[in-house]
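Okay, structure first, notes after.
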Amino acid sequence: MSADTGRLPLEPLLLPLLSAPGLALLAALLLLVLCLRAGRTRRPGEPPLIKGWLPYFGQALKFKKDPLGFMRTLQKQHGDIFTLLLGGKYITLILDPCQYQLVIKNHKLSFQMFTKKIMKKVFSIQKLMTNDDLNDELHDCYQLLQGKSLDVLMENTMQNLQQVFEPQLFKSTNWDMAYLLTFCSSVIFEITFTTIYGRFLAGDRKKFITELQDDFFKFDNKFPYLVSDIPIELLGNVKSIQKKLIKCLTSENIAKMQELSEVVQMRQDILEKYYTFKDAEIGAHHLGFLWASVANTIPTTFWVMYYLLRHPEAMAALRDEIDHLLQSTGQKRGSGFSIHITREQLDSLVYLESTILEALRLCSFSSIIRFVQEDLTLPSETGDYRLRKGDFIAIFPPFLHYDPEIFEAPEEFRFDRFTENGKKKTTFFKRGKKLRYYLLPFGFGTSKCPGRFLAVNEIKQLLVILLTYFDLEIMDDKLIQLDYSRFLFGIQYPNSDVLFRYKVRS
Ligand code: HEM
């Protein structure tokens, strides 16, 4: 992965057009169709419609440049509910957290309709479009990301982390330098893959995982375009990388994995009921699950570490908290990688948890999107609004996360923001009302992320290892910012990588 992660937004659209006239014609036709779609006007009773002058893209470029500033301007002009044209889609946004229930409680809004389209386009999974039973059965597997199954996953995560870092411990006590995003990407990919998919038994395990990881990052780099309306065939070599990844995760290869997690085993059993063993689409399902398990955890880990490196007082407080826990449980740092921390003990590290939540608050720019399945009327506090079938409705949590009425000095990183008198803080207010939803990086309702406990615990475990065994220092002064390529879709990546160094604690 390159040190600089900046991307040109139109690059994948333009490059193939320059090299292939046939594809250029196809793209021009597609653009024409989409421009026609952009020519709609507001009907009586509908929310204010903001299209901008750019056909198809609508307000997407302005939104991407400064999502929060843009939202604040629109809120001043149009209130808390309005419809935006973004990349060929009409999305009605609800900004007021006190009105979120309009989205949660409405059965005419569908999350699955939205994800099925993404599954088809991004991962090449066709069957979910037509088979609801398969979808329901696969959702049942998510229970295996909680409870006792989560304890097993956490034990395996710890072992995998120890295997990654053990060689470092026996090295000399000199500083090692690394790029932070590159470091987080490779550690999180390896431990998550090994925890969930186990170890590849046949052939060279290291080679298998390194190749898989390299291809995965090339594929994921194009994610913002994959979720757009641009056909995958116009995205350079993405289709061939997607095929290669799917081939790596076929039933034959899954059968060669040792220590598969319960959740993947159950998914594989279900998939074998709906497909023949050799059907390549099984690999596509695994690619989708693998993507979900690392794509947001990697940038979250980056931001947690970045903020800690830039805030030594926060790093010291976390180290104290962890050292104190280890002492109180009779564990010593000197005794190799023998640390054992239960889920309850991890849960008691309130400053560690608060730091992760604070990084999520600052860097999550996902939206909670639902598809409008039929024309409907939203009975909001400020009046009724009519919505059209085929549009989308969305909540945009960053607007909540950066609300100064809810979070004092919202632009600042405060590691202890989610603590109060040494305990977890869960009460936040808007207009004097206690908020039910004040932090939404994992979505809510039916679509709430089933991997959230695993993700947060994995990051906690990594930090326990790093802060217990290593000294860490940032090497670059430059200020890193969010790159909004994935706005509306999860945790944002940094606009550039950053150097740091680490050495075994003396
Ligand atoms: C910090 C890390 C993570 C973040 C911020 C995150 C965030 C999200 C979000 C925002 C959604 C969509 C919710 C919605 O639209 O309402 C989601 C869905 C999902 N996540 Fe995560 N996630 C993370 C880690 C994980 C991990 C580690 C796993 C698996 C082991 C996972 C598995 C899934 C799955 C399977 C879905 C789809 C759920 C469905 O189809 O209903 N996620 N995640």
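Whatever order the structure lists them in is the order used to number ligands and atoms, beginning at 1.
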Residue pair S447 / R370, side-chain donor-acceptor N/O under 3.5 Å: yes
Do S354 and T419 have a side chain donor and acceptor closer than 3.5 Å? no
Would you tell me whether Q268 and H286 have side-chain atoms, one donor and one acceptor, within less than 3.5 Å of each other? yes
Quick check: do L134 and L271 have side-chain heavy atoms less than 4.5 Å from each other? yes
Ring centres under 6.0 Å, that's the criterion: do F500 and Y306 meet it? no
Given that the side chain starts at C-beta and the backbone is N, CA, C, O, which of these parts of H139 lies under 4.0 Å from ligand 1, counting heavy atoms, or is it both or neither? side chain
Below the 3.5 angstrom mark, is there an N/O of S366, backbone or side chain, next to an N/O of ligand 1? no
Distance under 6.0 Å and angle within 45° of the ring axis: does R267 meet both against F289? yes
So which of P450, C449, C363, G451 gets nearest to atom 11 (C) of ligand 1, if we judge by its closest heavy atom? C449
Is S447 in polar range of ligand 1, meaning some N or O pair under 3.5 Å apart? yes
Show me which atoms of ligand 1 lie under 4.0 Å from any heavy atom of I491. 5 (C)
Is A292 touching ligand 1 with its side chain, its backbone, both, or neither, if touching means heavy atoms under 4.0 Å apart? both
Among P397, G490, S367, P441, closest by any non-hydrogen atom to atom 7 (C) of ligand 1: P441
Within the structure, is a non-hydrogen atom of L454 found at a distance of less than 4.0 Å from ligand 1? yes
